[in-house]
Amino acid sequence: MTGQRTQNRWWIYVPLTLALIAVIAPFVWMVLGSFKGEGEILANPPTWLPESASLDNYTQLFSRLRFGTYFLNSAIVAVLVTAGNLLFCSMVGYALAKLEFRGKRALFAVVLATLMIPGVVTFVPLYVLVVNAGLANSLPALILPFLVSPFGVFLMRQFMTGLPTELIDAGRVDGAGEVRIFARIVLPLCGPALATLGILTFLGSWNNFLWPLVVAQQESEYTLPVALALYSTGQNSIQYGLLLAGATIVVVPVLLVFLVFQRRFIEGIATTGIK
């Protein structure tokens, strides 16, 4: 019976397999290409397996770049931005989902409206604010503007709306304050949503390129994507081997985070918004 059911669903597995190959193929080619020489990377027709695998691209990457500094900057920015979003977005989401106060609906409407505004529109005003605050060319300039996101507030609010209000009321009857209820009752139930928000926020912050490129003007403040782009691109040529090696290293932390929290991530995506 199971075998027959599998045979009847072959038309589902075939396109899914093709889509999986299409998604994975560029990453596989990137990793394999990082072990190739410049001539082999640019060969036509392109090859998959390197003819003579070499670590020269990685050696050059670590010797030319202050890799430890750039990696540490990226890690600090991504971790603090993720932690800020987990804390502040969940706090605002709890207020919008479970507290009653004047202007609640209007505030949530503002959050939804903010979701529809492209980031490019707010780029220049945000840069002016950072410069006027004296934060330009510093790590706080890369962190503070992104500690709260409209998407994070919306995600946490939708998830918390589905939590049983009776648990919160029971905590209030026992004399617990809102902070204690939030920390002891609500947050432990929000594991899937927090994992989803954490992964998405970490991914966006770790790969952020345009904002650090504009704000960080000193080499000591560069993040890894910015340093990789600047040092692998010359006036007349691009060192593709260096780019592929750097891109491979940049992808590794994101993959590790996703593999650790993938179960919670899938659960959060599946249950957010379900009442």
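Scope of the values below: all heavy atoms of this structure, side chains included, with no hydrogens, waters or symmetry mates.
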**Student:** How long is the span from the CZ atom in Phe123 to the CH2 atom in Trp211, to the nearest 0.5 Å?
**Tutor:**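 Answer rounded to 0.5 Å: 5.5 Å.
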**Student:** Can you name the nearest heavy-atom pair linking Glu38 to Gly241, along with the distance?
**Tutor:**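 Looking at all heavy atoms of both residues, the closest pair is OE1-N, 3.3 Å.
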**Student:** How far apart are the C-alpha atoms of Tyr240 and Trp29, what are their side-chain angles, what is the distance that settles it, and do they pass the ring-ring contact (aromatic ring centres under 6.0 Å, His included) test?
**Tutor:** CA-CA 12 Å; Tyr240 292 101; Trp29 190 89; 9.1 Å; no
**Student:** Identify the heavy atoms of Gly171 and Ile181 that sit nearest to each other, and give their distance.
**Tutor:**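 Taking Gly171 first and Ile181 second, the nearest heavy atoms are C-CD1, 4.1 Å.
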**Student:** How far apart are the closest heavy atoms of Cys89 and Leu197, and which atoms are they?
**Tutor:**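 Closest approach of Cys89 to Leu197, heavy atoms only: CB-CD2, 4.0 Å.
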**Student:** Is any side-chain heavy atom of Tyr127 less than 4.5 Å from a side-chain heavy atom of Val124?
**Tutor:**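 Of all side-chain heavy-atom pairs linking Val124 with Tyr127, none is under 4.5 Å.
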**Student:** How long is the straight-line distance from CD of Glu221 back to CG of Leu142, given to the nearest 0.5 Å?
**Tutor:**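 It comes to 7.5 Å.
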**Student:** How about Trp206 and Thr82: do any of their side-chain heavy atoms sit closer than 4.5 Å?
**Tutor:**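 No, side chains not in contact.
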**Student:** Going through the checks in order, is the salt bridge (Lys or Arg N to Asp or Glu O under 4.0 Å) test met by Glu178 and Arg172?
**Tutor:** CA-CA 8 Å; Glu178 295 299 333; Arg172 291 169 180 162; 2.9 Å; yes
**Student:** Side-chain heavy atoms under 4.5 angstrom apart, residues restricted to Ile, Leu, Val, Met, Phe, Trp, Tyr: same cluster for Ile41 and Trp48?
**Tutor:**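 Yes, one cluster joins them.
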**Student:** Do Pro225 and Asn208 come close enough that some side-chain heavy atom pair is under 4.5 Å?
**Tutor:**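 A side-chain contact under 4.5 Å is absent here.
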**Student:** Run the numbers on Leu187 and Leu194 for side-chain contact (heavy atoms from CB on, under 4.5 Å), then give the verdict.
**Tutor:** CA-CA 9 Å; Leu187 279 186; Leu194 290 173; 4.2 Å; yes
**Student:** Give me the atom names and distance for the closest heavy-atom approach of Val111 to Pro150.
**Tutor:**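 Between these two residues, the closest heavy atoms are CG1-O, 3.7 Å.
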**Student:** Are the side chains of Phe159 and Pro192 in touch, meaning some heavy atoms are under 4.5 Å apart?
**Tutor:**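 They are in side-chain contact.
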**Student:** When you measure from the side chain of Ser63 to the backbone of Gln60, do you find a donor-acceptor pair of N or O atoms at a distance under 3.5 Å?
**Tutor:**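 Yes, because the side chain of Ser63 sits within donor-acceptor range (under 3.5 Å) of the backbone of Gln60.
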**Student:** Taking the side chain as everything from C-beta on, heavy atoms only, tell me whether Phe108 gets closer than 4.5 Å to Arg105.
**Tutor:**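 A side-chain contact is absent here, since even the closest heavy-atom pair is not under 4.5 Å.
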**Student:** Are Val110 and Leu112 linked, directly or through intermediate hydrophobic residues, by side-chain heavy-atom contacts shorter than 4.5 Å (ILVMFWY only)?
**Tutor:**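 No, Leu112 and Val110 fall in different hydrophobic clusters.
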**Student:** To the nearest 0.5 Å, what is the distance between CE (Met156) and OG (Ser90)?
**Tutor:**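 If I round to the nearest 0.5 Å, the distance is 5.0 Å.
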**Student:** Without hydrogens or angle criteria, can the side chains of Thr223 and Tyr70 be said to hold a donor-acceptor pair below 3.5 Å?
**Tutor:**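 No, no side-chain donor-acceptor pair sits under 3.5 Å.
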**Student:** Honestly curious: do Leu18 and Ile12 fall in one hydrophobic cluster under the side-chain, below-4.5 Å linking rule?
**Tutor:**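 Hydrophobic grouping puts Leu18 with Ile12.
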**Student:** Please report the closest heavy-atom contact between Tyr58 and Ser34, naming both atoms and the distance.
**Tutor:**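 Tyr58 and Ser34 have their closest heavy atoms at OH-OG, 2.7 Å.
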**Student:** To the nearest 0.5 Å, what is the distance between CG (Leu72) and CG (Leu224)?
**Tutor:**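 Rounded to the nearest 0.5 Å, the CG-CG separation comes out at 11.0 Å.
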**Student:** So if you build clusters from Ile, Leu, Val, Met, Phe, Trp, Tyr with side-chain heavy-atom gaps below 4.5 Å, do Leu147 and Leu115 land together?
**Tutor:**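 Yes.
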**Student:** Give the minimum heavy-atom separation between Leu167 and Ile185, together with the two atoms involved.
**Tutor:**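 Taking Leu167 first and Ile185 second, the nearest heavy atoms are O-CD1, 3.8 Å.
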**Student:** One pair to check against side-chain contact (heavy atoms from CB on, under 4.5 Å): Phe151 and Leu200. What are the steps and the verdict?
**Tutor:** CA-CA 10 Å; Phe151 171 77; Leu200 295 178; 3.6 Å; yes
**Student:** Which of these passes side-chain contact (heavy atoms from CB on, under 4.5 Å) with Leu242: Asp56, Leu61, Asn57?
**Tutor:**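 With Leu242 as partner, Asp56, Leu61, Asn57 yield a single side-chain contact (heavy atoms from CB on, under 4.5 Å), made by Leu61.
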**Student:** Let me confirm one number: the CG-CD distance from Asn137 to Gln218, rounded to the nearest 0.5 Å.
**Tutor:**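 The distance works out to 4.0 Å.
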**Student:** Would a 4.5 Å heavy-atom cut-off, applied to side chains only, mark Leu49 and Leu32 as touching?
**Tutor:**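 Answer yes - side chains close enough.
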**Student:** Quick check: does any side chain N or O of Asn85 sit under 3.5 Å from a backbone N or O of Gly152, one acting as donor and the other as acceptor?
**Tutor:**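 No: the side chain of Asn85 does not pair with the backbone of Gly152.
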**Student:** Could you measure the distance from the CG atom of Leu155 to the SG atom of Cys190? Nearest 0.5 Å is fine.
**Tutor:**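 So the CG of Leu155 and the SG of Cys190 are separated by 9.5 Å.
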**Student:** I'd like to know whether CZ of Phe27 has more than 12 heavy-atom contacts from other residues, nucleotides or ligands below 6.0 angstrom.
**Tutor:**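 Result for CZ/Phe27: open.
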**Student:** State, with a plain yes or no, whether a side-chain heavy atom of Met160 is found less than 4.5 Å away from one of Phe182.
**Tutor:**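 Yes, side chains in contact.
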**Student:** Is there a path of hydrophobic side-chain contacts, each under 4.5 Å between heavy atoms of I/L/V/M/F/W/Y residues, joining Met30 to Val252?
**Tutor:**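 No: no chain of side-chain contacts under 4.5 Å links Val252 to Met30.
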**Student:** Using modelled atom types and a 3.5 Å cut-off, is there a donor and acceptor pairing between side-chain atoms of Asn73 and backbone atoms of Leu139?
**Tutor:**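 A pair under 3.5 Å: no.
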**Student:** Any heavy-atom pair between the side chains of Leu244 and Lys36 that's under 4.5 Å?
**Tutor:**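 Heavy-atom side-chain distance check fails, nothing below 4.5 Å.
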